[in-house]
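By convention here, the first residue in the shown sequence is residue 1.
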Amino acid sequence: RGFARWGYDRSKALADYGSAVGDLLRTMQDLRHDVALAYISVLEAKAQLEVSREAVRRFQALLDEANELASLKVVPEYQLLPAQMEAELRRSEENSSRQILATRLLRLAALSGDVDGIEVIADPSFLVLEAGRVSALEVASADEAASRRGAYRRLLSLMEGARAELRKAE
């Protein structure tokens, strides 16, 4: 009877350990997913900042041209106001894009554990080139794919622990 109880307790302890390993795996998979999403959002923010900078350059060139036309008295000066407002709006959008990028870089740094901040050098075209070099992944069966997930492994361990408890109670 003593050895049987020891065996059941050992089975329960192993199941608890398996459950903890499943929790750890799930946490690692969630973190990897969160870092990938944060990285993608940083790339998106970098692209948006570049678009905003280009818009500022375009509207500044238009404003400069409008100022020159006004100085030559080709157009009245009051017609400069809409162009000035538009240029200021674009500068405001550029500042907003810069702040969004900084926030997303901080989020990525926090997720990666880098307290000094992080800089993403790669641009989206680099990712497209790298993705083209990677061979296609093999399609896994549902059972095989599930067996790689931490939550699934935790559930299996909990079931094993419950079975050990049931054997102990019998």
Side-chain angles (χ1 to χ4, degrees), residues 19-158:
S19 178
V21 169
D23 284 343
L24 175 64
L25 181 60
R26 181 182 61 206
T27 301
M28 290 171 53
Q29 289 167 341
D30 289 346
L31 178 62
R32 186 179 303 135
H33 181 257
D34 291 346
V35 167
L37 289 179
Y39 182 77
I40 290 167
S41 73
V42 165
L43 291 178
E44 176 190 18
K46 285 181 81 166
Q48 183 58 44
L49 178 59
E50 192 55 41
V51 167
S52 297
R53 284 181 179 157
E54 198 55 42
V56 166
R57 282 188 217 113
R58 277 195 319 270
F59 278 97
Q60 188 59 48
L62 290 173
L63 181 59
D64 292 344
E65 186 179 318
N67 279 330
E68 187 177 325
L69 290 174
S71 69
L72 296 172
K73 305 290 185 201
V74 175
V75 296
E77 285 193 31
Y78 70 86
Q79 287 187 347
L80 291 177
L81 295 177
Q84 290 170 343
M85 277 184 21
E86 193 65 34
E88 282 303 313
L89 177 65
R90 298 301 171 209
R91 283 189 201 99
S92 173
E93 287 176 358
E94 180 184 11
N95 286 334
S96 176
S97 294
R98 191 176 294 112
Q99 290 173 348
I100 289 171
L101 176 60
T103 301
R104 290 183 180 177
L105 281 169
L106 285 174
R107 169 85 173 130
L108 180 59
L111 284 170
S112 66
D114 187 347
V115 294
D116 297 328
I118 195 166
E119 179 159 347
V120 176
I121 297 172
D123 58 53
S125 61
F126 171 77
L127 290 178
V128 171
L129 288 173
E130 286 300 310
R133 295 179 194 178
V134 175
S135 62
L137 297 174
E138 292 182 26
V139 177
S141 69
D143 290 337
E144 187 179 344
S147 69
R148 296 178 186 155
R149 303 297 299 171
Y152 181 78
R153 287 185 179 183
R154 180 178 189 279
L155 290 174
L156 289 177
S157 294
L158 288 175

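Atom CG in L43 sits 9.5 Å away from atom CG in L101 (nearest 0.5 Å). From D34, atom CG reaches atom OG of S112 across 12.0 Å, with rounding to the nearest 0.5 Å. A distance of 9.0 Å separates CD1 of I100 from CD of E44, quoted to the nearest 0.5 Å. The line from CD of Q29 to CZ of R32 is 6.5 Å long, rounded to the nearest 0.5 Å. Considering OG of S41 and CG of L108, their distance stands at 7.5 Å, rounded to 0.5 Å.
When atom types are taken as modelled, the side chain of S97 and the backbone of E93 share a donor-acceptor pair closer than 3.5 angstrom. The backbone N or O of Q99 sits less than 3.5 Å from a side-chain atom of T103, completing a donor-acceptor pair.
Heavy-atom neighbours of E68 CD from other residues, nucleotides or ligands within 6.0 Å: at or below the threshold of 12. Around CD of Q84, the count of heavy atoms belonging to other residues, nucleotides or ligands within 6.0 Å exceeds 12. For E65, the CD atom sits in a loose shell: 12 or fewer heavy atoms of surrounding residues, nucleotides or ligands are nearer than 6.0 Å.
At a threshold of 4.0 Å, the pair R90-E94 does not count as salt-bridged, since none of the basic side-chain nitrogens sits closer than that to a carboxylate oxygen.
L69 pairs with exactly one of D64, V75, L80 by the side-chain contact (heavy atoms from CB on, under 4.5 Å) rule, that one being V75.
Residues passing the side chain to side chain contact (heavy atoms under 4.5 Å, CB included) test with P82: none are found, sequence neighbours excluded.
At least one side-chain heavy atom of R53 sits less than 4.5 Å from a side-chain heavy atom of R98. Residues Q60 and R57 have side chains not in contact (no heavy-atom distance under 4.5 Å, counting atoms from C-beta outward).
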Inset, instruction - Apply side chain to side chain contact (heavy atoms under 4.5 Å, CB included) to the pair L25 and R153, showing each step before the final yes or no. - result: CA-CA 9 Å; L25 181 60; R153 287 185 179 183; 3.6 Å; yes

Inset, instruction - I would like to know whether S52 and Q48 meet side chain to side chain contact (heavy atoms under 4.5 Å, CB included); could you show each step before the answer? - result: CA-CA 6 Å; S52 297; Q48 183 58 44; 3.6 Å; yes

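Listed here is the closest heavy atom pair of S19 and R154: OG-CG, 3.3 Å.
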